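Beneath this line is the structure, given in structure tokens, with notes to follow.
Quick caveat, the model's predicted, so the values are computed rather than measured. When a ligand or atom number is given, it counts from 1 through the structure's own listing order.
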Amino acid sequence: MLVTGKSILDAAHKGGYAVGAFNVNNMEILQAIIEAAEEERAPVIIQTSEGAIKYAGIDYLSTMVKLAASKATVPVALHLDHGTTYETIIKCMTNGWTSVMYDGSHHPLEENIAHTKAIVKIAHAAGISVEAELGRLSGVEDNISVSEKDAIYTNPEEAKIFVNETGVDSLAIAIGTAHGKYKGEPKLDFDRLKTIKEMLNMPIVLHGASGVPEESIKKAVSLGVNKINIDTDIRQAFTDGIKSVFEKKPEEFDPRKICGPAREMMKAVVKAKIRLFGCNGKV
Ligand code: G3H
Ligand code: 13P
Ligand code: ZN
């Protein structure tokens, strides 16, 4: 069934586990995620970036996810990932998305607060949940100094002000993860996470979780992360699946025989993430 992001994340916050938020760009990715969530009896968040909407079309994505959610026996939220414009956010709100992220993390604090607050007002009036972001994720995967960290990572005092002023339902924080593939091993600032969770006592979101060591993910969940975003690991499984078909049979040309194995490989990745995040068996 299709539910709000807030209902899934409030339960995760109370229950002390994290829910997987997986990026979707086509039918095979969506089917892999839904089948994995069903088999693991896990709530799940299907998220679409602005790039996914541009690629597949808002009507295709909305129709596919609504169909998948209506058939599913686990709670499914449809979430906009990294919304940057009012236009995309309002379009998603009017096309059945049950949760939106407004990413104003590149703006100064006051501006981020003003935009986020305006979006929360509209979204909440329509019963739609809102995620926002404070701090910057990109390029922080390498070893950086304490002063650099303080400039880039989420400041707990600012986070408190941000949440009080905007009324967001969940907050994405920067503690050392980055989008895409890591060059070295990411080192997470767990003390910062612990402080933020204690001060905010609300659902916390971790972006850029592909490639983060399992022990770090487990620790982040134990310290209060409730939504974990995964895209790159699914992209990799899709591509590995397709490559393995052509390695065995270079002359293959039936799309079903090319995308089918890729779908199975993505499903296996999603199932493993769900178990790692601790949301299996929660439905
Ligand atoms: O955080 C970014 C997600 O991985 C989405 O990436 O904008 O290329 O769809 P995308
Ligand atoms: P990864 O691609 O690094 O898993 O990040 C996904 C993400 O944060 C989507 O918002
Ligand atoms: Zn992200």
Hey, are [X] and [Y] close enough for a salt bridge, meaning a charged N less than 4.0 Å from a carboxylate O?
| X | Y | answer |
| --- | --- | --- |
| Lys160 | Glu157 | no |
| Lys267 | Glu35 | yes |
| Glu198 | Lys194 | yes |
| Glu214 | Lys218 | no |
| Glu133 | Arg136 | no |
| Asp231 | Arg235 | yes |

Starting from [atom], locate the nearest protein heavy atom and write down its residue, its atom name and how far away it is, to 0.1 Å.
| atom | answer |
| --- | --- |
| atom 1 (P) of ligand 2 | Thr232 OG1, 3.5 Å |
| atom 4 (O) of ligand 2 | Ser210 OG, 2.5 Å |
| atom 3 (O) of ligand 2 | Gly180 N, 3.0 Å |
| atom 7 (O) of ligand 1 | Ser49 OG, 3.5 Å |
| atom 8 (O) of ligand 2 | Gly208 N, 2.9 Å |
| atom 10 (O) of ligand 2 | Asp81 OD2, 2.7 Å |

Q) Can you tell me the N, O or S atom of His82 that's nearest the Zn ion (ligand 3)? A) NE2

Under 3.5 Å: N/O of [X] near N/O of ligand 2:
| X | answer |
| --- | --- |
| Asn23 | no |
| Ile230 | no |
| Asp233 | no |

Q. Does the Lys227 side chain pair with the main chain of Ala18, one donor and one acceptor, at a distance under 3.5 Å?
A. no

Q.
With a 3.5 Å distance limit and no angle check, can you tell me whether Ser99 reaches the backbone of Leu78 through a side-chain donor-acceptor pair?
A. no

Q. Relative to each other, are the rings of His207 and His179 parallel, tilted or perpendicular (30° and 60° limits)?
A.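 The rings of His207 and His179 stand perpendicular, inter-plane angle above 60°.
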
Q.
Angle at the Zn ion (ligand 3), ND1 of His207 to NE2 of His179, rounded to 10 degrees, please.
A.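 Result: 120°, to 10°.
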
Q. At a non-hydrogen distance cut-off of under 4.0 Å, which region of Ala178 contacts ligand 2 (side chain, backbone, both, or neither)?
A. backbone

**Q.** His179: numbered ligand 2 atoms lying under 4.0 Å from its heavy atoms
**A.** 3 (O), 5 (O), 6 (C), 7 (C), 8 (O), 10 (O)

Q: Run the numbers for me: atoms of ligand 2, each under 4.0 Å from some heavy atom of His82, listed by number.
A: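 Answer, ordered by atom number: 10 (O).
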
Q. Between the candidates Lys54, Glu50, His179, Arg235, which shows the shortest non-hydrogen contact distance to atom 10 (P) of ligand 1?
A.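 Selected option, by shortest heavy-atom distance: Arg235.
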
As an exercise, identify every atom of ligand 1 less than 4.0 angstrom from a heavy atom of [X].
| X | answer |
| --- | --- |
| Asp231 | 3 (C), 4 (O), 5 (C), 6 (O) |
| Asn23 | 3 (C), 5 (C) |
| Asp81 | 1 (O), 3 (C) |

Q: May I ask whether Ser49 places a heavy atom under 4.0 Å from ligand 2?
A: no

Q) Is there a side-chain contact between Ile122 and Met93, using heavy atoms and a 4.5 Å cut-off? A)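 Answer yes - side chains close enough.
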
Q.
Within the 4.5 Å heavy-atom criterion, are Tyr17 and Lys282 side-chain neighbours or not?
A.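 Of all side-chain heavy-atom pairs linking Lys282 with Tyr17, at least one is under 4.5 Å.
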
